[in-house]
Visitor: 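Before we start, here is the structure in question, set down as structure tokens.
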Amino acid sequence: MIPIKTAEEVEALRRSAALLVRTFRDVEKALRPGATTAELDEIAYQTIIRGGGKPAFKGYNGYPATVCVSIDEQVVHGIPGSRPIREGEIVSLDIGVNLEGFFSDAAKSYVIGEVSQEKRRLIETTRAALTEGIRQCRPANRLSDISHAIQRAAEDAGFSVVRELVGHGIGRDLHEEPQVPNFGAAHRGPRLQAGMVFAIEPMINIGSEKVRILEDGWTVVSEDGAPSAHFEHTVLITENRPEILTAGIDGNSQER
Ligand code: MF3
Ligand code: CO
């Protein structure tokens, strides 16, 4: 079943997403070599709590933190701790907000200082793949048009799409139906309708698409140890262009 959001729900989701955007801004200010991932987590926690929200990930299936901080070969779900961030690394932040029962979810990969051309290209490709997926978010298209567009953008650039983790519906819960894979044939699945809200989140690897989970039970890493990037937006389908509720985390541009 696909949730259709009322106008009131959409307003509440916009407020949730606005708090999430402020949270990214505050964490970004501290994102430099030497900062520990736990420091970044604490900043996010404070912004969300002061804004009247709750961290959506904390306690979810036992996840212990506000932010997922995933570095280089870590794909997603890295647990914050004492590790300092270093120049040359890719740092991916994934944060979710629950504001008055309405959920928003977003992620972004950053380069720290000087990084290799290949890492830069991976990040730009992953951002572009998300943009391509979002471009498919209009009524008349089907769900897998999003998936297919993301896969094409990633594979045309010579990178691979992680299969084991997917995007999702979002709104009254962090994860709602349907799942939104980042790969697959076009023109399959339900038709998109105004009022649907999706968290679309490509995870793209430089090397193999295969992943495994570390002994901490959470951190997903590329099996071959090659770098990975992750971008995510919470997106509302409308009659016309999609509304990217979390657009503010990546510049303020709604242009595509
Ligand atoms: N953006 C991810 C997701 O929607 C983050 C979930 S982390 C968890 O699945 F801790 F909440 F599981
Ligand atoms: Co998500």
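These figures come from a predicted structure and were not determined experimentally. Read the numbers this way: they start at 1 and go in the same order the structure lists the ligands and their atoms.
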Visitor: Show me a pair-per-line table, with atom names and distances to 0.1 Å, of protein N or O atoms that are under 3.5 Å from an N or O of ligand 1.
Guide:
{"unit_1": "ligand 1", "atom_1": "1 (N)", "unit_2": "Asp94", "atom_2": "OD1", "d": "3.2"}
{"unit_1": "ligand 1", "atom_1": "1 (N)", "unit_2": "Asp94", "atom_2": "OD2", "d": "2.7"}
{"unit_1": "ligand 1", "atom_1": "1 (N)", "unit_2": "Asp105", "atom_2": "OD1", "d": "3.2"}
{"unit_1": "ligand 1", "atom_1": "1 (N)", "unit_2": "Asp105", "atom_2": "OD2", "d": "3.2"}
{"unit_1": "ligand 1", "atom_1": "1 (N)", "unit_2": "Glu201", "atom_2": "OE1", "d": "3.3"}
{"unit_1": "ligand 1", "atom_1": "1 (N)", "unit_2": "Glu232", "atom_2": "OE1", "d": "3.0"}
{"unit_1": "ligand 1", "atom_1": "4 (O)", "unit_2": "Asp105", "atom_2": "OD2", "d": "2.8"}
{"unit_1": "ligand 1", "atom_1": "4 (O)", "unit_2": "His168", "atom_2": "NE2", "d": "2.8"}
{"unit_1": "ligand 1", "atom_1": "4 (O)", "unit_2": "His175", "atom_2": "NE2", "d": "2.9"}
{"unit_1": "ligand 1", "atom_1": "4 (O)", "unit_2": "Glu201", "atom_2": "OE2", "d": "3.3"}
{"unit_1": "ligand 1", "atom_1": "9 (O)", "unit_2": "His175", "atom_2": "NE2", "d": "2.8"}

Visitor: Does NZ or CZ of Arg163 fall inside the cone over Phe183's six-membered ring, less than 6.0 Å from its centre and within 45° of the axis?
Guide: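 Satisfied, under 6.0 Å and within 45°.
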Visitor: How close do Ala199 and Glu232 get, counting heavy atoms only, and between which atoms?
Guide: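 In terms of heavy atoms, the two residues are closest at CB-OE2, 3.3 Å.
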Visitor: Could you give me the CA-CA distance, side-chain angles and deciding distance for His175 and Tyr60, then say whether ring pair (Phe, Tyr, Trp, His ring centres under 6.0 Å) is met?
Guide: CA-CA 11 Å; His175 294 145; Tyr60 183 86; 5.1 Å; yes
Visitor: Yes or no on salt bridge (charged side-chain N to carboxylate O under 4.0 Å, His left out) for Arg83 and Glu89, after CA distance, side-chain angles and deciding distance?
Guide: CA-CA 12 Å; Arg83 174 176 178 166; Glu89 290 177 334; 3.2 Å; yes
Visitor: Over all heavy atoms of both residues, which pair between Gly171 and Lys5 is shortest? Give the atoms and the distance, please.
Guide: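 Smallest heavy-atom distance, with atoms named: CA-CE, 3.8 Å.
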Visitor: Answer yes or no for Lys58 and Tyr45: cation-pi contact, defined as NZ/CZ to six-membered ring centre under 6.0 Å and angle to ring axis within 45°.
Guide: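 Positive - Lys58 is close enough to the ring of Tyr45 and near enough to its axis.
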Visitor: With a 4.5 Å limit on heavy-atom distance, are the side chains of Ser109 and Phe231 in contact?
Guide: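 Yes - at least one pair of side-chain heavy atoms lies under 4.5 Å apart.
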Visitor: What protein N/O/S atoms sit under 2.8 Å from the Co ion (ligand 2), by chain and number?
Guide: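 For the Co ion (ligand 2), the protein N, O and S atoms that sit under 2.8 Å away are Asp105 OD2, His168 NE2, Glu201 OE2, Glu232 OE2.
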Visitor: For the side-chain contact (heavy atoms from CB on, under 4.5 Å) test, which of Leu130, Leu122, Ile123 pairs with Thr126?
Guide: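 Exactly one pass, corresponding to Leu122.
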Visitor: How about Tyr110 and Glu28: does a side-chain donor come under 3.5 Å of a side-chain acceptor?
Guide: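 Yes.
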